[in-house]
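Notes follow the structure.
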Amino acid sequence: DAGVIQSPRHEVTEMGQEVTLRCKPISGHNSLFWYRQTMMRGLELLIYFNNNVPIDDSGMPEDRFSAKMPNASFSTLKIQPSEPRDSAVYFCASSLARDRGRLANEKLFFGSGTQLSVL
Amino acid sequence: AQKVTQAQTEISVVEKEDVTLDCVYETRDTTYYLFWYKQPPSGELVFLIRRNSFDEQNEISGRYSWNFQKSTSSFNFTITASQVVDSAVYFCALSEAGYSSASKIIFGSGTRLSIRP
């Protein structure tokens with residue numbers, strides 16, 4: 001079975017450019033999460049969706065970040081305009097949690113991550 | 001508010017030694033879940049174990065074992081007879097049941113484990 005698929009694996013861009021990260025969750029999973037990993041801040045939860053609806057976006061750093069989940073099999077995380085401090089590894093994860101009440105106890109399946117470098 | 005502390009930033013041991021990774025958590029909920037994830041050099045986080053707050057029974061899976069103690073708010077992870085393939089960053093995580101609102105899983109800062117041959 002295919003796991004969580006993220007693209008691209010690596011992205012190098014210049015400051016000010018728009019960056020779009022993509023994620024395909026595991027088929028049948030109802031919840032999707034975007035995390036950012038840096039040396040300084042560790043793993044931070046940016047936003048998560050349940051049944052394609054954003055539940056909590058309090059971790060999104062600022063208005064330059066936006067995320068969408070137009071259907072159950074696809075999500076994007078967009079940064080516009082990008083800045084050097086956005087350089088990090090961005091992970092997408094999915095889980096079987098059917099509703100908000102079950103988000104707590106379902107294990108996460110992670111993608112391989114996107115290494116973003118903003119010059 | 002929920003919080004997970006992994007005080008050990010890096011640990012290095014020689015192969016075949018036993019090693020324990022510490023995890024201390026804070027939560028106000030009576031119902032919560034604890035997790036351990038492994039991040040090998042390839043980068044992808046992999047789920048290892050989940051415990052709920054009502055199950056303090058320790059668990060053993062091969063060379064891995066977990067010690068959950070509510071009295072000290074700890075959920076420690078021990079690798080027995082470590083191997084080079086165990087080298088990775090290990091994360092402890094916590095989520096609260098959050099009956100009044102949706103909950104989320106937060107991670108500790110991770111412990112980088114290096115096993116020397």
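Worth saying up front: this structure is predicted, and the values here are computed from it rather than measured. Residue numbering restarts at 1 for every chain, and letters A, B, ... go by the order of the sequence lines. Hydrogens, waters and symmetry mates are skipped; everything else that's a heavy atom, side chains included, is used.
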- Message: Ring centroids only, cut at 6.0 angstrom: are Phe75(B) and Phe35(B) within range, meaning strictly under it?
- Response: no
- Where on Glu44(A) is there a heavy atom nearer than 4.5 Å to chain B: the side chain, the backbone, both, or neither? neither
- Task: Please check if the distance between the ring centroids of Tyr37(B) and Phe47(B) is under 6.0 Å.
- Result: yes
- Whatever's closer than 4.5 Å to a heavy atom in chain A on Gln6(B) counts as neither
- Task: Indicate yes or no: at least one non-hydrogen side-chain atom of Ser31(A) is less than 4.5 angstrom from one of Phe33(A).
- Result: yes
- Item | Lys/Arg-Asp/Glu bridge criterion (N-O < 4.0 Å) met for Glu44(B), Lys38(B) | no
- Checking Ser58(A) against chain B: side chain, backbone, both or neither under 4.5 Å from a heavy atom? side chain
- Task: Can you tell which part of Leu45(A) gets under 4.5 Å to a heavy atom of chain B, answering side chain, backbone, both or neither?
- Result: side chain
- Mark yes or no for whether Trp34(A), through its side chain, and Ala93(A), through its backbone, hold a donor-acceptor pair below 3.5 Å. no
- Task: With a 4.5 angstrom heavy-atom cut-off, could you sort out which part of Tyr32(B) is near chain A: side chain, backbone, both or neither?
- Result: neither
- Query: Quick one: what part of Phe109(A) sits under 4.5 Å from any heavy atom of chain B, side chain, backbone, both or neither?
  - Reply: neither
